[in-house]
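Heads up, the thing below is written out as structure tokens.
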Amino acid sequence: MNAELLQYALRVLAVRAYSEAALQRKLLRRGSAAEVEAVLAEVRRMGYLDDRKYAEGYARLYQGRWGAAKIRRSLKAKGVPDRIIDEVLRALEPEGDPVAEALALLERYQSRHKGDKPKAIRFLANRGFSFAAALEAWARYEAGGG
């Protein structure tokens, strides 16, 4: 195993968490595929690389600001396997009410929509909320005197 590549991987992971696919892409710039696989196996064995823990932390970080769809797209772009994404999002579902989260965003960022329904719905859709959740949040926002 390439000791320099292992040290580099550990330094990179000390700064911030990476998904396995993202770390692999980063390491491939510095070593061969065989060296990278050996380093990834060693880092995994050491407990510093776990896609499930990475996805759980990432989803919790963005749970109140993004909807499930945007979290899913972002994790997928980072190379997290679909199976893990599904499990993590399913585990987070009971904790959060998407309509309540969307309503909180409408109230917090009133300058983004200025009371305009189409702008508000686009704002929530861009944050990854479903159309149904966005509409329900808008209805609650209007009823509350937003």
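Just so it is clear, the model here is predicted, and its values are computed rather than measured.
- In terms of heavy-atom proximity, Asp51 sits nearest to Pro81 at OD2-CD, 3.5 Å.
- Under the 4.5 Å side-chain contact rule for hydrophobic residues, Phe129 and Phe131 share a cluster.
- Annotation for Ala68 and Leu89: closest pair O-CD1, 3.9 Å, computed over non-hydrogen atoms.
- For the atom pair CG (Leu6) and CE (Met46), the distance works out to 6.0 Å, reported to the nearest 0.5 Å.
- Following chains of ILVMFWY side-chain contacts shorter than 4.5 Å, one can reach Trp66 starting from Ile85, so the two form part of one hydrophobic cluster.
- Looking only at side-chain heavy atoms (C-beta outward), Leu49 and Tyr54 stay at 4.5 Å or farther from each other.
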Can I get a per-line list of side-chain donor-acceptor pairs under 3.5 Å for residues 27-35, giving both atom names and the distance, sequence neighbours left out?
unit_1: Ser32; atom_1: OG; unit_2: Glu35; atom_2: N; d: 3.2
unit_1: Ser32; atom_1: OG; unit_2: Glu35; atom_2: OE1; d: 3.4
unit_1: Glu35; atom_1: OE1; unit_2: Ser32; atom_2: N; d: 3.0
unit_1: Glu35; atom_1: OE2; unit_2: Asn2; atom_2: ND2; d: 3.4

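- Taking OH of Tyr141 as the reference point, atom CG of Leu105 lies at 12.0 Å (rounded to 0.5 Å).
- For residues 112-136, the set of pairs meeting the salt bridge (charged side-chain N to carboxylate O under 4.0 Å, His left out) definition, not counting sequence neighbours, comprises Glu136-Arg140.
- Of all non-hydrogen atoms in Leu124 and Ala102, the two that sit nearest each other are CD2-O, 3.6 Å.
- Closest non-hydrogen pair, Ala133 versus Pro98, comes out as CB-CB, 4.4 Å.
- By the criterion of side-chain heavy atoms lying less than 4.5 angstrom apart, applied directly or through intervening Ile, Leu, Val, Met, Phe, Trp or Tyr residues, Leu135 is grouped together with Tyr109 in one hydrophobic cluster.
- How far CG of Leu103 is from CZ of Arg108: 10.5 Å, rounded to the nearest 0.5 Å.
- Applying the side-chain hydrogen bond (donor to acceptor under 3.5 Å, both in side chains) rule to Gln7 yields no partners; only residues at least two apart in sequence or on another chain are considered.
- Shown here for Ala59 and Leu92, the closest heavy-atom pair between the two residues is CB-CD1, 3.2 Å.
- The salt bridge (charged side-chain N to carboxylate O under 4.0 Å, His left out) pairs that include a residue from residues 61-88 are Arg52-Glu87, Arg72-Asp86, Lys76-Asp82, where partners are two or more places apart or lie in different chains.
- In this structure, the side chains of Tyr8 and Val39 stay at 4.5 Å or more apart for every pair of heavy atoms.
- Residues satisfying the side-chain contact (heavy atoms from CB on, under 4.5 Å) test with Ala22, not counting sequence neighbours, are Tyr18, Ser19, Arg25.
- Atom CD of Glu37 sits in a crowded spot, with more than 12 heavy atoms from other residues, nucleotides or ligands closer than 6.0 Å.
- By the salt bridge (Lys or Arg N to Asp or Glu O under 4.0 Å) test, Glu42 is found to be paired with Arg45, residues two or more places apart in sequence or in another chain being considered.
- Note that the CD1 atom of Ile84 and the NZ atom of Lys53 stand 12.5 Å from one another [nearest 0.5 Å].
- Here the straight-line distance linking atom CD of Glu101 with atom CG of Leu106 works out to 12.5 Å at 0.5 Å rounding.
- The aromatic rings of Tyr62 and Tyr58 lie tilted to each other, with the angle between the two planes from 30° to 60°.
- By the 6.0 Å contact criterion, CZ on Phe123 is enclosed, its count of non-hydrogen atoms from other residues, nucleotides or ligands being greater than 12.
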